[in-house]
Amino acid sequence: MDYQFKSIEAKWQNFWAQNQTYKVETDTTKPKYYVLDMFPYPSGAGLHVGHPLGYIASDIFARYKRLKGFNVLHPMGYDSFGLPAEQYAIQTGQHPAITTEANIKRYREQLDNLGFSFDWSKEVRTSSPDYYKWTQWIFMQLFNAWYNKSTDKAEHISTLIHHLETQGTANLNAVSDDDTQKLLPTDWAAFSEEEKQAELLKYRLTFLKESTVNWCPALGTVLANDEVKDGFSERGGHPVEQKKMMQWSMRITAYAERLLQGLNDIDWPEPLKEMQRNWIGKSVGAMVKFSLERPTSEVGSQDSSDLRLRTSDLIEVFTTRVDTIFGVSFLVLAPEHELVAQITTAAQKAEIEAYIAQTKKKSELDRMADTKTVSGAFTGAYAINPVDGARVPIWIADYVLAGYGTGAVMAVPSGDQRDYLFAQQYNLPIIQILDAQQMENEADPTKEGQYVNSGFINGLNYKEATAKVIAFLEQEGMGYAKINYRMRDAIFGRQRYWGEPVPVYFKNGLPYLIDESELPLMLPEVDKYLPTESGEPPLGRAKDWKYKDEYEYELSTMPGWAGSSWYWYRYMDAKNENAFADKDKIAYWKDVDLYIGGSEHATGHLLYSRFWNKFLKDLGYVTEEEPFKKLINQGMIQGRSNFVYRTRLDIILDLSNRDEVDLSSFVANNPIFVSKNLINNYQNYNEENVLKRLRQKFESAYPNVIIAKFEIRKGGAPIHVDVNIVENDILNINEFKASRDEYANAEFILESGKYICGAEVEKMSKSKFNVVNPDDLTERYGADTLRMYEMFLGPLEQSKPWNTNGIEGVFKFLRKFWKLFHDEAFNFVVSDEAPTKAELKALHKIIKKVEEDIERFSFNTSVSCFMIAVNELTDLKCNKRAILQDLVLLLHPYAPHVTEELWALLGNAAGTISYASFPKFNPEYLVENDFNYPISVNGKTRTNLSFPLSMEAADIEKEVLANEAVQKYLEGKLPKKVIVVKGRIVNIVV
RNA sequence: GCUGAAGUGGUGGAACUGGUAGACACGCAGGACUUAAAAUCCUGUUCGCCCUAAAGCGAGUGCGGGUUCGAUUCCCGCCUUCAGUACCA
């Protein structure tokens, strides 16, 4: 039989499922290898061809590692909490669990169709209560923990309580909110239980805090920073505004430095690490205090608000260039800064208030779009520069952000471009501070040269000056060296239904954890998936949903990233009811050796996961500091759209009888499409025939009408056409006509008898008719072909447009491969004869190549080499078991079904190929005696000459120069120099 | 603006430490088989020039320079595309 992919694939998919071929257990006799895919959100649309790209690559690698003797954990599951199912629930009233279940079923079918070697016994779903029980449990551990900077790790809250009892806040070095109290042990002891809880909340790693959040009114929920793009929600594109709310947060900032340092030890793509570094945004600098000048002379004449000023009032600024402090010519506060109202003088009050009002009106978008101009207002107040006592005016401006640093900056116009623009605009001094500074047209942030106009650092260089200024500030108590991070604590609440309930209840306004024995806290039933009338989240609708029938539960749910921040541990022990995973299993599987997924998760999932992992390690639950040792981003698969070009008839009728004719509907019902290359000129093709046909049709419909003009308009407007009825850019005209009623009578102006479509690369989406579904392709070519074709398309990490054009080539390859084992009549025939040298060479060439390629994740090149090997063996008419059996093993990771079938036909026990061993490469078979040297003259290859590899360079040179063909290129001249690289090349310089 | 990645035939791409640019496919053209089509097989296919053909000549990896006997690969400057980020003090 010819290659019957359908029956073969169905047979083996069934076999694997029946026999649980890929089920894996801890096995200390074998080295472990953990291959993980980023698990999908099961959306209603199902998989398109872009999704499986990473899964295919990881499956190839997992199968390869099995053949290499590793115990491979290769699981799959679903990130099944999320917005789309909830939106659907709001629209239809259908419970999101039902939608999710149906979508998962569809995903599972599609995944099964591709022949992945997942261990489905370890499937996880973040929305299932026996999973989210442990998400809630981890939340509780975070609530019961604080970050001790002295030990540089998270500790149980009891060690903090002990510290407060014995020492108060003395010697306490903790990550906390800003408003913690300084306490003596006696103060702590005197606290009521509630006061203690309120204070502890400021230290807990998950805590409740009033925060400015990204509120999306259309979605009725809060979004994380990475869920907001340009002021709009990433999902749905609804406007997002800033709003203050009580929110659960995660103190990820405690881990900022470890998250940054950890990047040095993991094998991730550099761009991705760079994104995380930028996101963490470490800046090394100093805090500097500027005291406020007491408004002495003005006091009497001002209103009472000015009297609130105290000399003890300070403005703190953060700077990364403390060395430039002598160049400060003004301070700038964010308009939202709390001191603004206090320090503004009566004379400036109106101007300041007008400016604040104006900034509030500016939307986030406007502020971002306009980075070239600056604006601000003077408060009328002055501060004192701590290094030289200079009087510095205080301004407000919206280029200073309230949320970063202290919300105040010291402006050094000579070194900072925004300060420079601001100084120019408002006529403030621009002071040169380094002799190397070039600042005629713009600020010069150089660190070169020696300081000038800079008091006690004049003449010093950058390094010396920085150290000296910091030392001076510390001595004066006016500043200190400090490291700042851009990253903020992560908001951890969503005003949504379809997520994990937070295991917290409230007593007298304070949050408490529910009892661990009550986990999981089940998601309650609600009548509608919308906020309540009073604006509470959907959980507020749950009837009689109270802790111990008494206390209010937390009504917000966890964000999408909660469940995905630890799921790789659950795969190790998916069914465990007593722990999120058994300790021994965690000790065996440790971490993910290879993680494949998209780079869009750079600052979301991949950062939060590293954070939770570090936390779990601090508390001793897991063993590794970093969860994902090696990570690969598969490139995005873009869509490739096809276009047809529509033109129309121009008909002009004789005036007398135009009323009887419905011209516009005739034109609409007879659309005309022009092949791509004829749009501008379609004469001499079949225009005349088309025209004739249409004219006949028109005349038979309206026999008495006199036509003045009847012609096809030049040009054509592009219209998206479904790529599934286009092959190699040639339109299937019959399918096109059948696709829509209005196209039923379509006419085509063809080139060479074909309709050629235009093409363009765009996002893959339904509206562009360019979605290609893997099911259609497996139906037509089989999963093995699709797997290999997706790899053949190009390097895994590169983004590329999907184009089905080349799939035939891969399909042909598999048929050719199949034929190696069969005679002309498709009888299975292999010979037990000893292989020839040429056959062994072809085999070992591919063994070497495939191994090297897989190890460096270059799957596209190994597909090419399989083709070469099969072409060679076909030419050699090789059907020897000794060669073909190894070839079957080599190909198995790529095309598991056909290789299982052939493995069995070769007489091996069914299903054993997955755990066979990868063929051993023997370099002896590739040893050559001769090498065909390319002979180049002045770097241009002119001819080839074969010499023994053992031949010495000097002898080669002699022979080459004596050669007739070479002599011709020398044109009688003497060679200046002859380069002979043994086994590579000969180059003659004339 | 900043950060990162990438520019190679009609198309996807290959060339791993500087050593025969265009492997392997797709497409296209021609041919064989066939009543015909499909399938399959064979030949050609970077571009330009010359030519009946054989052969030959020249150019060529985004652009302009450089290093080298030799550069798709290394260095300098520029252009374009894609992704991330955005007043971060």
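Contacts of A:Y462 classified as ring-ring contact (aromatic ring centres under 6.0 Å, His included), with partners at least two apart in sequence or in another chain: none. In terms of the side chain to side chain donor-acceptor pair (under 3.5 Å) criterion, A:K482 has no residue partners (sequence neighbours excluded). Every residue two or more places apart in sequence or in another chain was checked for a ring-ring contact (aromatic ring centres under 6.0 Å, His included) with A:F792, and none qualifies. A:Y789 pairs by the ring-ring contact (aromatic ring centres under 6.0 Å, His included) definition with A:W802, not counting sequence neighbours. Remark: A:K6 pairs with A:E779 by the salt bridge (Lys or Arg N to Asp or Glu O under 4.0 Å) rule, at least two apart or across chains. Considering only residues two or more places apart in sequence or on other chains, A:Y485 meets the ring-ring contact (aromatic ring centres under 6.0 Å, His included) condition with none of them. Considering only residues two or more places apart in sequence or on other chains, A:K848 meets the salt bridge (Lys or Arg N to Asp or Glu O under 4.0 Å) condition with A:E852. A:R984 is linked by a salt bridge (Lys or Arg N to Asp or Glu O under 4.0 Å) to nothing, counting only residues two or more places apart in sequence or in another chain. A search for salt bridge (Lys or Arg N to Asp or Glu O under 4.0 Å) contacts involving A:K282 returns A:E257, not counting sequence neighbours.
Rounded to a whole angstrom, the distance from the C1' atom of B:rC42 to that of B:rC33 is 11 Å. Between B:rG77 and B:rA29, the distance separating the two P atoms is 47 Å to the nearest Å. Using C1' as the reference atom, B:rU20 and B:rG60 are 15 Å apart when rounded to the nearest Å. Separating the P atom of B:rC87 from that of B:rU67 is a span of 45 Å, rounded to the nearest Å. Taking atom C1' on both nucleotides, B:rA15 is separated from B:rA25 by 16 Å, rounded to a whole Å. Comparing the C1' positions of B:rU73 and B:rG19 gives an interatomic distance of 11 Å, to the nearest angstrom. Comparing the P positions of B:rU85 and B:rC28 gives a spacing of 42 Å, expressed to the nearest Å.
Between A:N633 and B:rA5 there is no side-chain polar atom (N or O) within less than 4.0 angstrom of OP1 or OP2.
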Under 4.0 Å protein heavy-atom contact, by nucleotide of nucleotides 8-21 of chain B - B base, S sugar-phosphate only: ----BSSSB--BBS
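Between A:R486 and A:M275, the one whose closest nucleotide on RNA chain B sits nearer the 5' end is A:M275. Both A:A408 and A:E270 lie close to RNA chain B; mapped to their nearest nucleotides by heavy-atom distance, the more 5′-ward contact belongs to A:E270.
B:rG9 shows a glycosidic angle within 90° of 0 and is accordingly assigned syn.
Listed for the A:Y933 side chain is no donor-acceptor partner under 3.5 Å among the backbone atoms of A:V981.
Regarding A:E797, its CD atom lies at a distance of 14 Å from the C1' atom of B:rA83, rounded to whole Å.
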Dot-bracket summary - RNA chain B, pairs being Watson-Crick or G-U whose distances fall under 3.5 Å, with | when paired to another strand: (((((((..(((......[....)))((((((.......))))))((((......))))..(((((..]....))))))))))))....
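For A:M867, whose side chain is taken as the heavy atoms from C-beta onward, the closest listed nucleotide among B:rC24, B:rA89, B:rU3 is B:rC24.
As judged by a 4.0 angstrom heavy-atom cut-off over every strand, A:N484 is placed among residues making no nucleic acid contact.
The pair A:E808-A:R815 does not meet the salt-bridge criterion, since no charged nitrogen lies less than 4.0 angstrom from a carboxylate oxygen.
Between A:F422 and A:Y399, a ring centre-to-centre spacing shorter than 6.0 Å is recorded.
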Got a list of protein N/O to nucleotides 37-44 of chain B N/O distances below 3.5 Å?
none

